[in-house]
K.L.:
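Structure incoming, see below.
Both ligands and their constituent atoms are indexed starting at 1 by order of listing.
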Amino acid sequence: MNYPIHNFEQIPSTNTAIWELIEKGEKPPFVVIAKEQTAGKGQWGRIWQSNPNGLYLSLALSPNIPVENGIHLTFCSAYGITFELRKYGIPVELKWLNDLILNKRKLGGIKIETKVKNNLIKTAVIGVGINWQNEVFKPGINLQSFLKDNNLNSIKTLEELTNITLSGLFFAYETYLKNGIKPILSGYLDYLNSIGKTIEINGNIGIITGVTSKGELKVRLSSQNATTEIELPHGTISIGYD
Ligand code: BTN
């Protein structure tokens, strides 16, 4: 796929920059990259710390998929980036729903924003933040320190990491458009480190058994005489790191 890349030194947010460029008439697909963000957007309205030497990238797409399939873009992005990074000997895993995990710590995250018309997602912004050499705090990890600690030099520069991330995003998105969600979801589940973990829900202990195609977390609750399977929408509980 051919697409323009807009590079910025310092902007509030690459996601916001995409919407501004669309407003000015730019047509997806295109990419915005910033060396630094002053108001990086994280999930649940949080701020994404975006000091220099991290990867801050957003990709604009026109998927034209039904709004109820919006979650597929999350599966594609998380799966695609993980698939591609693993080619470089980096054992990235996923934490429900869209956290990139390395050594049980947060390596990066994905923030997707969409514009919907007639029940179709007309525009999607896939925002990706990956810790490269930027300072991180618990439970974060940066990729450079992992590579150094493990005597790996498979990725040498932030530019390389950028290209790998973009390859992963496009590879998974194109696979999805061609073959549907099945192969993507199956790959996503293979990388999910949440399966088998125990969690507590309203005083009951449950075991995570998977994720539905709608993005809900599947949990098996067992009491003395019965077993129940429940499906929890994203945002209703959070899973820890260890
Ligand atoms: C998360 O909270 O886990 C998601 C973080 C996503 C951050 C990225 S950095 C590039 C893009 N621009 C933003 O403002 N946010 C996303």
K.L.:
Could you pull out every N or O of ligand 1 that sits under 3.5 Å from a protein N or O, with the distance for each pair?
P.N.:
| unit_1 | atom_1 | unit_2 | atom_2 | d |
| --- | --- | --- | --- | --- |
| ligand 1 | 2 (O) | Q43 | N | 2.7 |
| ligand 1 | 3 (O) | Q43 | NE2 | 3.0 |
| ligand 1 | 3 (O) | K106 | NZ | 2.7 |
| ligand 1 | 12 (N) | T14 | OG1 | 2.9 |
| ligand 1 | 12 (N) | N15 | OD1 | 3.4 |
| ligand 1 | 12 (N) | Q37 | OE1 | 3.1 |
| ligand 1 | 14 (O) | S13 | OG | 2.7 |
| ligand 1 | 14 (O) | K41 | N | 2.7 |
| ligand 1 | 15 (N) | K41 | O | 2.7 |

K.L.:
Angle class for the H72/Y176 ring planes (parallel below 30°, perpendicular above 60°, tilted otherwise)?
P.N.:
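Perpendicular.
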K.L.:
Report the C-alpha distance between K41 and E113 in whole Å, list the side-chain angles of each, state the deciding distance to 0.1 Å, and finish with yes or no for salt bridge (Lys or Arg N to Asp or Glu O under 4.0 Å).
P.N.:
CA-CA 10 Å; K41 297 187 207 168; E113 298 173 47; 3.2 Å; yes
K.L.:
Check this for me: does any side-chain nitrogen of one of K218 and E231 sit under 4.0 Å from a carboxylate oxygen of the other?
P.N.:
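E231 and K218: not salt-bridged.
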K.L.:
With sequence neighbours excluded, give me every ring pair (Phe, Tyr, Trp, His ring centres under 6.0 Å) pair touching residues 106-163.
P.N.:
none
K.L.:
Hey, what's the ring geometry for F75 with Y188, parallel, tilted or perpendicular (30° and 60° as the breaks)?
P.N.:
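Rings of F75 and Y188: perpendicular, as their planes differ by over 60°.
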K.L.:
Please step through side-chain contact (heavy atoms from CB on, under 4.5 Å) for the pair I130 and T165, ending with a clear verdict.
P.N.:
CA-CA 9 Å; I130 298 182; T165 304; 3.7 Å; yes
